[in-house]
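Below is one structure, written out as C-alpha cells; the observations come after it.
What you see is a predicted model; the values in this text were computed from it and never measured. So you know, we letter chains A, B, ... as the sequences are listed, proteins then strands, and number each from 1.
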There are 2 protein chains.
Amino acid sequence: MKRPTLEAVAARAGVSRATVSRVVNGGTTVTPELRDAVMRAVDEMGYVPNLAARSLVTQRTDSIALVVSEPPTRVFSDDPMFATVIRAASSELEEADRQVILMLAGTPAGHARVERYLTGGHVDGVMLVSMHGADPLPAAITRMRVPAVSLGRPAVNVNLPYVDNDNVGGAEAAVRHLLERGRRRIATIAGPPDMVGGQDRLAGYRAVLQGSDRRSIVAIGDFTRESGLVAMRQLLEDDPGLDAVFVANDLMALGAMKALRQAGRRVPDDVAVVGFDDIEAARYTEPPLTTIRQPFREQAAATVRLLLGIMDGGDVAPVVLPTELIVRESA
Amino acid sequence: MKRPTLEAVAARAGVSRATVSRVVNGGTTVTPELRDAVMRAVDEMGYVPNLAARSLVTQRTDSIALVVSEPPTRVFSDDPMFATVIRAASSELEEADRQVILMLAGTPAGHARVERYLTGGHVDGVMLVSMHGADPLPAAITRMRVPAVSLGRPAVNVNLPYVDNDNVGGAEAAVRHLLERGRRRIATIAGPPDMVGGQDRLAGYRAVLQGSDRRSIVAIGDFTRESGLVAMRQLLEDDPGLDAVFVANDLMALGAMKALRQAGRRVPDDVAVVGFDDIEAARYTEPPLTTIRQPFREQAAATVRLLLGIMDGGDVAPVVLPTELIVRESA
DNA sequence: CTGAAAGCGCTTACAG
DNA sequence: CTGAAAGCGCTTACAG
C-alpha cells in the first residue's frame, strides 16, 4: 500500500520510465496513444511525483521561503504591515508559479531550525522580512549560496541585496513639515535600536533638527501601539513643553495620541503628531493622522522581482522606493 | 563553486561516505580520530547535508505543514485565534523537533498548489486549520496516505481525525444562561454556513430554544467584527423587541455591542450579550463580555499530539475539549 | 518518438 | 569500527 512510483506507472502503462516522466512533465514528444495509456495509469494508481526525488536531480524545488524574523504574537498583531507584505509577496510569487513557504523565526531555536531548513536545499530562494540587528541568517544563507534578498535594508555588515523605502528621506520630510508649521520643540518616538528602519528614521529626524539648531528629544518604542503610549508619557514627563512629535510608525502614533488625550493635550493644537507608514487606521484617528506613506505592496513586489531576477543571474543592486508625506489634520 | 557533497567531505577527510554520514548524523560507532577528521573537513568545507537526498532514502522530512485555509487578510486580522493556534502548535511541534511549514491556502489556485506540495512528499504530516465546507484538501491528502488531522471538526463526509471543543455544549450553556437570566426573545448571530464550528453553535442555540418553546431569531455573520455589527443591525430591524443575543464568536460580539450602542440600547439592561471564544478583548469591553471560553492553546496542543500519535501508528479517535461559561457583565 | 542507462546526494544493511 | 555497494524515485542526455 505504498504510494506508487514512476516505475509502477510505467509497468502498468507498458512503457518506460522516461516516457512516463515525459507525459507527467508535459513533454510534447509523446504519441497520443502512449500518452493516453500513461494518463490512464496515472489516474488509476493515483500517482503523484515524489518531489524530493525530482528536486534531487533537477536541483530546484520551485519553492521560495518567506522568513519573518518575529514571534507569532507580533506577526499576528494589529500591525497590518505583515499581512500586507505577506499577501503581496505571496501573490507575486504564485504568479511566478512558486510555492510560498512561510517560516516564523522568532526564537533562537526557531532561527537555528529555519537555518537548517534553508541551507538544506529545501528552497530555491529566500526572502527575509523584518530582520533584526544580530540576525545570523543572511550570513549562513549566502555562505550556502542560496539566493536571498531582504525586505528592508539589512544591518551594515551583511552583503545582501535588498529593497527598502527611503526611511531617512521620509523622516526628514516629516520633521521639515513640523518645522514649517512653526513647531519649536519637536520630539520623536523612535523604533527599536536593532532594526535598521527604525534607526534610519531616527537619523532623518536628527539630521533635520541639527540643521535647524533644535534639540533632539528622543524616546524609544518597539513599533507596537502600547510602546507608543508609554513612550509618549515618558516624553511629556521629560519635556512638558514639547509641541510636536514625529513617531516612527503609525501604530505607535496611535498609542501616542491616546497618551496625549489622556494628558489633556489637544492634537494638533497643543502637540502636532506625524506618523510613518500610512496604515489604513491612520485615516480613522481623531484627528486623522498626518503621516509618511510607505508603499508596502510595491516594496514586497519589488523584493520578489529582485529575488527572482537574482535567481536568474540578474542584477543585485538595492532598490530604494520613495516615500510621500500625507498631510491630514494631526499636523 | 557548488555546495560540497558528502563525497567531497569524505575525500578530504580520507574516509568513506558511510563514515561521514555516521558522524554527521551523530552515529556513535566512530573512533574519535576519524570523527575529528570528519568534523574538521565538514567545518572547512561548510558542508550541510542535502535534505532532499536524505529524505529520499529515509522516507521522512521531519517537517509538518500547518495549513490555514484562509486568505492572508483574515489570518492576519484582529482575530487572535490564528496567532494563538499557530503559536501553540508551533511550539509543540518544535518541541518534537519538527520544522513547521506554514501555508496559507486562501484561494483556489493556492489550494491546488498546496495540495501538490503536500502530496509530493514534502512533509511527514499535516495539520489543517480553519477548514471550510467544500475543502478538497483532506481527501487528496488522505488518498496519498499523508497523515493529517484537523483543528476543528471537518465537514461530515471526510474521514479525518480531529480535535475540537464542544461547540454545541458551549452554545447550549450560553443560551441556557440567557434563559436563566429571564430573557425571553433571544436572537443569535451565527457563523458562516460553510464552517462546522459556526453551524454547531447554531445547532446548540436552536436545541435549547426548541426545548423551551422560544422562537429562533437568526442572523449570519462571517466571524469578523464588521459582520457582527451589520448582523446586529439587521436583527434589531427584524425584531426590535429582542432582549438578548448569543453571538457565535467574540469578535462579532464586539461589533454587535457597537451596533447596540449606536441604536441606543443598553447592555445588558436592554439587551444581554453572550459571546464565544473568550479572547482577551472580551475582558475590556464596556461592559465586560460574558462568553464561552474555548481553550485555543490546549486545542492546538492536542491536535499536534494527535497528529504525532497517528504518525506513530497511534489512535485516531477524535478529541473534544470542554468549554466553560465565563460570566462577566454583559449577560 | 522511445528506451536503456547514468546519475542527483544521501543512508543503511551487510561483510569484514 | 569501517567501507563497498545497493538503492531511494526521479530526469535527461544519448542512441536508435
Side-chain angles (χ1 to χ4, degrees), chain A residues 2-39 41-42 45-63 116-117 119-124 144-146, chain B residues 2-39 41-42 45-63 116-117 119-124 144-146:
Chain A
K2 297 196 48 196
R3 41 186 301 169
T5 65
L6 239 208
E7 177 100 50
V9 175
R12 175 146 190 158
V15 300
S16 72
R17 277 148 49 195
T19 298
V20 177
S21 177
R22 289 190 189 101
V23 352
V24 166
N25 291 293
T28 127
T29 63
V30 181
T31 37
E33 292 78 54
L34 289 193
R35 191 182 160 67
D36 285 352
V38 171
M39 301 274 263
V42 164
M45 310 180 73
Y47 171 71
V48 175
N50 178 316
L51 268 18
R54 173 182 289 173
S55 88
L56 186 56
V57 22
T58 60
Q59 304 281 24
R60 52 182 296 176
T61 65
D62 290 324
S63 322
R116 231 178 308 146
Y117 192 85
T119 56
H122 273 304
V123 296
D124 296 339
M144 292 309 293
R145 309 192 183 298
V146 180
Chain B
K2 297 198 46 193
R3 39 187 300 170
T5 65
L6 240 206
E7 176 99 50
V9 175
R12 175 146 190 160
V15 298
S16 72
R17 276 149 49 195
T19 297
V20 177
S21 178
R22 289 190 188 100
V23 351
V24 167
N25 291 293
T28 126
T29 64
V30 182
T31 39
E33 292 78 56
L34 288 194
R35 191 181 160 68
D36 285 351
V38 171
M39 301 275 262
V42 164
M45 309 180 74
Y47 171 70
V48 174
N50 177 317
L51 267 20
R54 174 182 287 172
S55 88
L56 186 57
V57 23
T58 59
Q59 304 282 23
R60 53 181 297 177
T61 65
D62 290 323
S63 322
R116 231 177 307 146
Y117 192 86
T119 56
H122 273 305
V123 297
D124 296 340
M144 293 309 292
R145 310 192 181 300
V146 180

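- Note: A:H122 and B:H122 have perpendicular aromatic rings, judged against thresholds of 30 and 60 degrees for the angle between ring planes.
- Checking D:dC10, C:dG9, C:dT11 against every side-chain atom of A:R54, the shortest atom distance belongs to D:dC10.
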Practice task
Step by step, work out the side chain to side chain contact (heavy atoms under 4.5 Å, CB included) result for B:V15 and B:V20.
Solution key: CA-CA 7 Å; B:V15 298; B:V20 177; 3.7 Å; yes
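- Between B:L6 atom CG and C:dC8 atom C1' the separation is 13 Å, expressed in whole Å.
- Rounded to whole Å, atom C1' of D:dG9 lies 7 Å from atom OH of A:Y47.
- In this model, the phosphate group of C:dC8 is not approached by any side-chain N or O of B:N50 to a distance below 4.0 Å at OP1 or OP2.
- Rounded to whole angstrom, the span from the CD atom of A:E7 across to the P atom of D:dC10 amounts to 10 Å.
- No donor-acceptor pair under 3.5 Å is formed between the side chain of A:R3 and the backbone N or O of B:R145.
- A distance of 10.5 Å separates OG1 in A:T119 from CG in B:N50, rounded to the nearest 0.5 Å.
- Note that the CG atom of A:D62 and the OH atom of B:Y117 stand 11.0 Å from one another [nearest 0.5 Å].
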Exercise for the section: Show the numbers, then the answer: is there a side chain to side chain contact (heavy atoms under 4.5 Å, CB included) between A:L51 and A:R54? Expected result: CA-CA 5 Å; A:L51 268 18; A:R54 173 182 289 173; 4.1 Å; yes
Exercise for the section: Could you provide the dot-bracket string of DNA chain D, using ( ) for intrastrand pairs, [ ] for crossing pairs and | for bases paired to another strand, with Watson-Crick or G-U pairs below 3.5 Å? Expected result: |||.||||||||.|||
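- When the P atom of C:dG9 is taken as reference, atom CE of B:M45 falls 13 Å away, rounded to whole Å.
- Put simply, NE2 on B:H122 is 20 Å from P on D:dC8, counting in whole angstrom units.
- For D:dT2, the OP1/OP2 oxygens have a side-chain nitrogen or oxygen of B:T31 closer than 4.0 Å.
- Nearest-nucleotide positions on DNA chain D for A:V57 and B:G14 put B:G14 closer to the 5' end.
- Note on B:L34: only backbone sugar-phosphate atoms sit closer than 4.0 angstrom, heavy atoms only; bases stay farther off.
- For the pair B:R17 CZ and C:dG9 P, the computed distance is 11 Å after rounding to whole Å.
- In the displayed structure, B:R12 atom CZ is contacted under 6.0 Å by more than 12 heavy atoms of other residues, nucleotides or ligands.
- For the pair B:T19 and D:dT2, the criterion of a side-chain N or O lying under 4.0 Å from OP1 or OP2 is not met.
- Crowding of A:E7 atom CD: a count of heavy atoms from other residues, nucleotides or ligands under 6.0 Å not exceeding 12.
- Between A:Q59 and C:dG9, a side-chain N or O to OP1/OP2 separation shorter than 4.0 Å is present.
- Contact check, B:S21 against C:dC10: no side-chain N or O comes under 4.0 Å of OP1 or OP2.
- When the nucleotides C:dT2, C:dT11, C:dT12 are ranked by their closest atom to the side chain of B:A18, C:dT12 comes out on top.
- Between A:S16 and C:dG3, a side-chain N or O to OP1/OP2 separation shorter than 4.0 Å is present.
- Atom CG in B:L56 sits roughly 8 Å away from atom C1' in C:dC10 (whole-Å rounding).
- The CZ-P distance, from A:R22 to D:dT11, rounds to 11 Å in whole Å.
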